[in-house]
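So the structure is just underneath, and the comments pick up after that.
Residues take their numbers from the sequence shown, with the count starting at 1. Since the model is a prediction, treat every value here as computed from it, not as a measurement.
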Amino acid sequence: MKKYVVFFIVLLSIPALAELRPEITRAGRGHFVHMVDTGRLIFSAAGGGMGLTVIQPGETTLVAYQRAQNQNGLVKLEDGRAPGLVISESIRNVMPQLLERTVTVRAETDQRYYMDFGWNVSTGGTFYSFTAEETQNASYTPSCGGPEFNKAGRQTLPFLGWRTGNTLYGLIGDTPGLWENRSFMAFDVTSGRLSLCNGDGSAKRAIMIPRTLDATTVYRTRFDGWQHIEKGETQTWTTWIFSAPVRTFYDVQLAAHLALANAKGFNGSALEAILRNTSYLLLRRNLLRPESDYLFISGIGYGWKQWVTDGFYMSRGLDDPYYDREAHAALFFERINYEDNAQYYLIWSVLVKRTGGDIDLRTVERAYRFIREHEQDGLYIPPRLKADSKAFKTYHDQLPYEDGDAPSSNQGFHCGALLAARELGFAVSDQEIDRAIAGYRRMFNQSGGYMASSLQQQEHVGQDALYGEVLTYAVFGKKLLPDEMVRRHLETSMRIQSPYGMRVISKANGDLLDGHNGVYTNGGSWFLNDAANYLAGLIHGMNETWVDEKTVWRLKKELAFMPAFHESISTVNGKPHGHHLYSWNSGYWWLRREVRRQLGLTGEDRVAAGLDQELGVSRRNGFLVFDPSLNRLGKGAQ
């Protein structure tokens, strides 16, 4: 069964928007729906008000319904038809400013089809995607990206917005993972049309990720732009429509996030909303490999691929045991045997097993053998992925390490992986775990007061050194490093960090390495690294108020230009770099929650509350609402 969703949101603080609702109209061919706000027409149906559009090979149908009813605000439309298909839909209020539209398709015969769930706007106004104001006709796909899917326009969030005055009306599609990876958007600014489709009608063709672009293997499958349904089968598609008050483009982006979060229940805070939305929107059907039905892609430009690290953190962010098991099962050994992937795979295996999921013991055993075969005196020595490159040895894959060197980031995960292996039934002794922990501690530069980038790169500060410590504590409740060591590292980091956060690797005085430019692995600031460092401080007894204040400070830097987490931000000018709504950060919501649980911290999370205050977000009647006049972020982005 497939599901797609679109949202409408209006804030409670704006009474004029409280009447956003569907309105049934009857025409000669049947019933259809308009969307109105306090009596004003906002969206009309496709085809000049004739209904949902169904596209089949050689045929386009504007669906009108023969039966319609409104039962206490729940609108039901039934007995709509296209060749070989029977169609119905329902529209319900999630909250006064958010409507959920569910379209159900039943096949009388085998069919290929796709639907346009879009709307015509009433008149004038300004159009938005998540990444830009749309001033010209444009089309995008949140479906997939990368070299195997040559689309110029890519969007992670399937959002189409129309603004009139200071009110935004928006349409949001469900995760492409529930649309068979077929998700397409178009803005017809000329005619005032927002188009959101679960296909594009393109012909069947082979798609492939070449070996040179993905570790040591090849993905290959056949794909087309049609949904396929067999006789007697039923498919369900959900979209949402929302309205919200806005002043700036940043407000538009934040309103879209809050709409999706309120619809899916990711709405304990704005921090949870943005991070869990990211996980949800990067879910895909696993069409390119046979291991499982679903995986998490690492970003829209990376295509249908799953690194263990990224898949792990996105699965933590979504926090759903079913998709956790599916994403874990999608992994295969050629994705595991480099960088820190094998260590993550073993830790992930423990979490899947704890929730009652089945794990592939053959792959688990291969991962365990791999880390032990590359272990010397307790140190994990990552092998080369590419024979001619000293890079691709840690998650920050462009940084080179000499053969025989042990990066500190990997070592923290190695300690956790040995704990995981023992829980999974492997014969791992206390002495072996202690030896790995001792190797981790050897990487601390005593004279400089910091964790070095690796055992051999003692002159370089490694701000990716502690997130293995934090993950191990979150999963196993075990501290790997002495309190004093962690405190000294944080004190040094505060003294040398850039105005925009910690450089992933820097000289001992905080300067960029020679030849580095301050972005990505070349001295950029990666949120999960910085956030994990602060969590490590919390774990090791540093003042909780200080830790929370510093974390909020770093969050403000991350979200200064848009309400999204990035691959990195520049430590020279603070601007985002690389992918936005980036996968790796998604798990921070879960990581902080689990650390606080292990520490016995209860009550309000001051980091989440502090960010809500910065964004002008509050929680009312179980939903997140937004007051643009209170939003203090995004000022430099306008």
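- No cation-pi contact links R325 to Y322, judged by a cut-off of 6.0 Å to the six-membered ring centre and 45° from its axis.
- Side-chain N/O atoms of E78 and S88 include no donor and acceptor closer than 3.5 Å.
- Residue L615 comes nearest to L633 through the heavy atom pair CD2-CD1, 3.6 Å, listed as atom of the first residue, atom of the second, then distance.
- For the residue pair R205 and S202, a side-chain donor N or O sits within less than 3.5 Å of a side-chain acceptor on the partner.
- R26 and H31 form a side-chain donor-acceptor contact under 3.5 Å, judged by distance and modelled atom types alone.
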Apply salt bridge (Lys or Arg N to Asp or Glu O under 4.0 Å) to residues D612 and R619 and explain how you reach the verdict. CA-CA 9 Å; D612 280 350; R619 188 171 167 85; over 6 Å; no
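- Between D224 and R222 there is no salt bridge, since no side-chain nitrogen of the basic residue lies less than 4.0 Å from a carboxylate oxygen of the acidic one.
- Side-chain contact, Q111 with T109: a donor N or O sits under 3.5 Å from an acceptor N or O.
- Taking the six-membered ring where tryptophan is involved, the planes of Y114 and W226 are tilted, since the angle between them lies from 30° to 60°.
- In summary, the side chains of Y128 and Q253 do not present any donor paired with an acceptor at a separation below 3.5 Å, with no hydrogens or angles considered.
- Note that CG of D324 and CG of D320 are 8.0 Å apart. Values are rounded to the nearest 0.5 Å.
- A pairwise comparison of heavy atoms in L295 and I297 identifies CD1-CG2, 3.7 Å as the closest pair.
- Each of F527, W584, Y313, W526 was checked for a ring pair (Phe, Tyr, Trp, His ring centres under 6.0 Å) with F565, and the lone residue meeting it is F527.
- Side chains of Q155 and T141: a donor-acceptor N/O pair is absent below 3.5 angstrom, by distance only.
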Given the rule in the side-chain hydrogen bond (donor to acceptor under 3.5 Å, both in side chains) test, do D293 and N286 qualify, once you have shown the distances and angles that lead to the verdict? CA-CA 5 Å; D293 287 338; N286 190 13; over 6 Å; no
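- At a cut-off of 3.5 Å, with distance as the only test, no side-chain donor of Y500 or E558 sits close to an acceptor on the other residue.
- The cationic atom of R593 (NZ for Lys, CZ for Arg) lies less than 6.0 Å from the six-membered ring centre of W589 and within 45° of the ring axis.
- Aromatic ring orientation, H34 versus F32: perpendicular (interplanar angle above 60°, classes split at 30° and 60°).
- Between D116 and S195, the side chains place a donor N or O and an acceptor N or O closer than 3.5 Å (distance only, hydrogens not considered).
- Side chain to side chain, T551 and D548 fail the donor-acceptor criterion of an N or O pair below 3.5 Å.
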Just do the side-chain hydrogen bond (donor to acceptor under 3.5 Å, both in side chains) check on Y140 and E134 with the steps written out, would you? CA-CA 11 Å; Y140 301 98; E134 302 295 338; 2.7 Å; yes
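- With ring centers used as reference points, Y294 lies under 6.0 Å from Y323.
- Taking the six-membered ring for Trp and the full ring otherwise, the centers of F130 and H257 sit less than 6.0 Å from each other.
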